[in-house]
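Read through the structure below, which is laid out as structure tokens, and then see the notes.
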Amino acid sequence: MSIFNSFGINASGMTAQRYRMDIISENVANANTTRTQDGTPYRRKVVTFEERGQKVGTFSSFLGSASSAYQGQGVRVGRVEEDDWTQMNMVYDPSHPDADENGYVLYPNVNIVTEMTNLIDASRSYEANATAFNASKSIAMKGLEMSGQS
């Protein structure tokens with residue numbers, strides 16, 4: 001693996017985590033949105049990552065290519081999906097314009113504590129990728145300095 005591959009891998013990690021932080025921010029901003037354009041409450045969004053690079057089909061094809069110089073190429077956002085496995089929050093508020101006939105309002109399934117925990121996780125992952133990027137840069141710079149001293 002060349003030093004430039006490590007730059008690409010670290011940069012892809014930083015880009016993916018930045019996008020994850022954007023989605024988390026969107027979730028927090030819409031924590032009280034009871035009506036979207038389609039008339040339903042906002043649903044929390046979740047980011048899923050996957051390996052960047054060529055897809056390997058079957059196990060046997062993967063095993064066959066393992067002898068050649070198989071190496072990771074970083075990470076990318078695989079998909080952003082709505083969280084439909086967590087229940088929406090029912091809150092009794094008969095004065096709310098979106099309250100049903102019993103006075104309950106359906107609020108988004110956004111938990112601020114969970115979102116803030118995910119935000120800290122994404123931020124730490126971003127920092128780890130930035131640190132690895134800077135370490136790779138230092139190694140490259142030291143190599144250039146050493147080659148110039150001959």
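Under the salt bridge (charged side-chain N to carboxylate O under 4.0 Å, His left out) criterion, the residue pairs touching residues 25-34 are Glu26-Lys45, with sequence neighbours excluded. Sequence neighbours left out, not one pair with a member in residues 101-113 passes side chain to side chain donor-acceptor pair (under 3.5 Å). Applying the salt bridge (charged side-chain N to carboxylate O under 4.0 Å, His left out) definition to pairs two or more places apart or across chains, those involving residues 104-118 are Arg44-Glu115. Among pairs with a residue in residues 6-17, none fulfils salt bridge (charged side-chain N to carboxylate O under 4.0 Å, His left out), at least two apart in sequence or across chains.
Not counting sequence neighbours, Ser25 has no partner by the side chain to side chain donor-acceptor pair (under 3.5 Å) test. Here Ser12 pairs with nothing under the side chain to side chain donor-acceptor pair (under 3.5 Å) rule; sequence neighbours left out. Take Asn30 and apply the side chain to side chain donor-acceptor pair (under 3.5 Å) test, not counting sequence neighbours, and it matches Thr33. Judged as a salt bridge (Lys or Arg N to Asp or Glu O under 4.0 Å), and not counting sequence neighbours, Glu82 has no contacts. Tyr126 pairs by the ring-ring contact (aromatic ring centres under 6.0 Å, His included) definition with nothing, not counting sequence neighbours.
Between the side chain of Arg79 and the backbone N or O of Thr48, no donor-acceptor pair lies under 3.5 Å. Under a 3.5 Å cut-off, the side chain of Ser123 and the backbone N or O of Leu119 do not form any donor-acceptor pair.
The number of heavy-atom neighbours closer than 6.0 Å to CE of Met90, taken from other residues, nucleotides and ligands shown, is above 12.
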Donor-acceptor pairs under 3.5 angstrom involving side-chain atoms of residues 91-98: please list them, not counting sequence neighbours.
| from | atom 1 | to | atom 2 | distance (Å) |
| --- | --- | --- | --- | --- |
| Asp93 | OD1 | Ser95 | OG | 2.9 |
| His96 | ND1 | Asp98 | N | 2.9 |
| Asp98 | OD1 | Arg35 | NE | 3.0 |
| Asp98 | OD1 | Arg35 | NH2 | 2.2 |
| Asp98 | OD2 | Thr34 | OG1 | 2.5 |

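With side-chain heavy atoms closer than 4.5 Å counting as contact, directly or through intermediates, the hydrophobic cluster containing Leu144 also holds Met141. Other members of the cluster containing Ile23 are Tyr19, Val47, Phe49, Val75, Val77, Val80, with ILVMFWY side chains joined at under 4.5 Å, either directly or via other members.
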Report the C-alpha separation of Ile139 and Lys142 in whole Å, then their side-chain angles, then the decisive distance to 0.1 Å, and conclude whether the side-chain contact (heavy atoms from CB on, under 4.5 Å) test is met. CA-CA 5 Å; Ile139 291 169; Lys142 195 65 166 173; 5.8 Å; no
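Note that CZ of Arg43 is 4.5 Å distant from CE of Met88, once rounded to the nearest 0.5 Å.
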